[in-house]
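Report on the structure given below.
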Amino acid sequence: QVQLVESGGGLVQTGGSLRLSCAASGRTFSTYPMGWFRQAPGKEREFVAAISRSAGSRNYADPVKGRFTLSRDNAKNTVYLQMNSLKPEDTAVYYCAARGRYSSNSYYYRSDDYDYWGQGTQVTVSS
């Protein structure tokens with residue numbers, strides 16, 4: 001069982017930055033493709049970014065490309081989502097996810113592809 005704990009959310013003005021962290025328990029973190037999703041009020045959960053086990057491959061949703069950067073430190077069992085040039089439409093609860101089952105791909109886009117989830121951290125961008 002893997003436990004994921006997000007942190008770093010908060011209130012920021014338009015154009016500001018935040019860095020989210022996701023700390024994972026367990027000794028096999030480096031074997032998990034990781035992802036970030038977000039869910040705004042009244043909307044479905046959506047893909048934000050994903051990263052491969054070795055951090056050699058990354059993928060971003062179109063709305064965040066060029067503004068968000070996903071990285072991981074396998075020695076610290078942690079993934080980071082650096083969010084710059086934030087916009088009000090980025091306001092959402094952000095969730096970290098890990099895929100624990102066999103992975104043939106480098107990263108994954110769908111919620112169903114992930115096995116473990118954090119509790120979420122609120123990001124609010126004021127206009």
Side-chain angles (χ1 to χ4, degrees):
Q1 189 74 9
V2 176
Q3 291 186 328
L4 303 173
V5 179
E6 301 101 332
S7 61
L11 174 64
V12 64
Q13 292 185 333
T14 296
S17 298
L18 285 173
R19 188 176 81 154
L20 305 184
S21 298
C22 173
S25 64
R27 290 178 284 183
T28 56
F29 175 76
S30 63
T31 68
Y32 304 143
M34 300 292 294
W36 283 91
F37 292 75
R38 66 186 183 186
Q39 187 167 19
K43 295 188 177 181
E44 294 187 353
R45 188 173 298 187
E46 65 175 4
F47 169 75
V48 174
I51 191 167
S52 62
R53 285 163 285 200
S54 65
S57 298
R58 298 173 179 83
N59 193 265
Y60 300 92
D62 286 342
V64 308
K65 280 182 181 176
R67 300 188 297 122
F68 290 12
T69 302
L70 181 56
S71 61
R72 68 188 295 165
D73 185 337
N74 286 340
K76 295 183 178 180
N77 281 16
T78 303
V79 292
Y80 305 98
L81 184 66
Q82 178 67 44
M83 306 186 297
N84 298 330
S85 302
L86 283 163
K87 305 175 181 179
E89 50 263 45
D90 294 319
T91 295
V93 177
Y94 283 70
Y95 297 92
C96 169
R99 178 179 170 94
R101 74 193 90 152
Y102 171 74
S103 301
S104 59
N105 296 335
S106 295
Y107 45 74
Y108 296 83
Y109 307 94
R110 303 184 310 159
S111 298
D112 290 349
D113 288 328
Y114 290 87
D115 304 298
Y116 306 105
W117 292 83
Q119 81 289 350
T121 186
Q122 177 70 47
V123 171
T124 303
V125 184
S126 63
S127 57

Margin query: Please evaluate residues Ser7 and Thr121 with respect to the criterion side-chain contact (heavy atoms from CB on, under 4.5 Å), reporting the C-alpha separation (whole Å), side-chain torsions for both, the decisive distance (0.1 Å), and the verdict.
Written below: CA-CA 6 Å; Ser7 61; Thr121 186; 5.8 Å; no
Notebook entry, point to check: What residue pairs, at least two apart or across chains, pass side chain to side chain donor-acceptor pair (under 3.5 Å) with a residue in residues 41-57?
Noted result: Arg38-Glu46
How far apart are the closest heavy atoms of [X] and [Y], and which atoms are they?
X	Y	value
Val48	Phe68	CG1-CD2, 3.8 Å
Leu86	Leu18	CD1-N, 3.9 Å
Gly118	Tyr95	O-CD2, 3.7 Å
Tyr107	Ala50	CB-CB, 3.6 Å
Tyr108	Ser104	OH-N, 3.1 Å
Asn77	Gly26	ND2-O, 2.6 Å

Notebook entry, point to check: Under a 4.0 Å N-O cut-off, is there an ion pair linking Arg101 with Asp115?
Noted result: yes
Notebook entry, point to check: Using 4.0 Å as the upper bound for N to carboxylate O, is an ion pair formed by Asp90 and Lys87?
Noted result: no
Do [X] and [Y] make a side-chain contact, defined as non-hydrogen atoms from C-beta onward lying under 4.5 Å apart?
X	Y	answer
Val12	Ser126	no
Trp36	Cys22	yes
Trp117	Ser111	yes
Gln119	Leu4	no
Met83	Val123	yes
Val79	Phe29	yes
Leu81	Arg19	no

For the pair [X] (side chain) and [Y] (backbone), establish whether a donor and an acceptor sit closer than 3.5 Å, ignoring hydrogens and angles.
X	Y	value
Thr78	Lys76	yes
Tyr80	Asp73	no
Arg58	Ser71	no
Thr69	Gln82	no

Checklist line | Aromatic contact, Phe47 with Tyr109 (centres under 6.0 Å) | finding: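 That pair passes the under 6.0 Å test.
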Next item on the list: Please determine, by modelled atom types, if Gln122 and Thr124 share a side-chain donor-acceptor pair under 3.5 angstrom.
Entry: yes
Notebook entry, point to check: Do Ser17 and Asn84 have a side chain donor and acceptor closer than 3.5 Å?
Noted result: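 There is such a pair (donor and acceptor under 3.5 Å, judged by atom type) between the side chains of Ser17 and Asn84.
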